[in-house]
Amino acid sequence: MATTRQAHTVWEGDLLHGKGVVTFDSSGIGDHDVSWPSRAEQANGKTSPEELIAAAHSSCFSMALSNGLAKAGTPPTRLNTRAEVTFQPGTGITGIHLTVQGEVPGLDEAGFAEAAEDAKANCPVSQALTGTTITLTASLA
């Protein structure tokens with residue numbers, strides 16, 4: 001069954017001096033402030049579209065990798081994934097780098113790297129971001 005998730009943003013003011021609030025409607029996990037300075041300079045306690053993409057990508061990739069490893073008979077004990085989304089004002093998102101460290105009993109580095117590459121290519125968020133260069137560093141703990 002397909003699912004649809006919702007969030008909305010209320011923005012006040014112009015781009016450079018304005019501010020907004022992102023609300024996660026589906027989960028109800030709260031409101032998060034967003035602003036241009038949090039996107040192009042320092043976060044200063046506010047989020048940005050790129051941070052939200054990083055959260056989505058790191059969680060989606062982790063789910064895909066966990067599933068792939070389990071289906072191959074080597075379920076992970078733990079995966080720690082970081083997504084770094086680079087934003088260049090005037091250009092946009094210029095790249096995403098995923099770093100994953102895994103605890104996977106019975107799997108060697110080469111097997112883990114292969115499974116991680118497959119998850120990178122096939123997780124739904126990676127597929128939605130196909131216009132962006134996505135790189136990966138994978139290692140076992």
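Only heavy atoms go into these numbers, but all of them, side chains included; no hydrogens, no water, no symmetry mates. The first residue of the sequence shown is numbered 1, and numbering continues consecutively from there.
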Legend entry - Distance in Å, Gln6 CD paired with His8 NE2, rounded so as to fall on 0.5 Å steps: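 The CD atom of Gln6 sits 10.0 Å away from the NE2 atom of His8.
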
Inset, instruction - Any chance you could measure Asp108, atom CG, to Leu140, atom CG, to the nearest 0.5 Å? - result: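 Answer for the CG-CG pair, Asp108 versus Leu140, is 7.5 Å.
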
Side-chain contact test, heavy atoms from C-beta onward, threshold under 4.5 Å: evaluate it for [X] versus [Y] and give yes or no.
| X | Y | result |
| --- | --- | --- |
| Thr47 | Asp33 | no |
| Phe24 | His32 | yes |
| Thr86 | Ile93 | no |
| Val21 | Thr9 | no |
| Thr135 | Leu98 | no |

Legend entry - Backbone N/O of Ser38 and side chain of Trp36: donor-acceptor pair under 3.5 Å: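 No; zero donor-acceptor contacts below 3.5 Å.
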
Inset, instruction - Determine, step by step, whether Phe61 and Ile134 satisfy the side-chain contact (heavy atoms from CB on, under 4.5 Å) criterion, reporting the C-alpha distance in whole Å, the side-chain angles of both residues, the deciding distance to 0.1 Å, and the verdict. - result: CA-CA 12 Å; Phe61 171 86; Ile134 302 170; over 6 Å; no

Inset, instruction - Give a yes-or-no answer on whether the side chains of Ser62 and Thr81 include a donor-acceptor pair shorter than 3.5 Å. - result: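 Yes - a donor-acceptor pair under 3.5 Å links their side chains.
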
Inset, instruction - Report the residues that fulfil side chain to side chain donor-acceptor pair (under 3.5 Å) with Asp31, sequence neighbours left out, ordered by chain and then residue number. - result: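 By the side chain to side chain donor-acceptor pair (under 3.5 Å) rule, Asp31 matches Thr23.
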
Inset, instruction - Identify the two heavy atoms, one from Ser126 and one from Ala119, that lie closest to each other, and give their separation to 0.1 Å. - result: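 Smallest heavy-atom distance, with atoms named: OG-O, 4.5 Å.
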
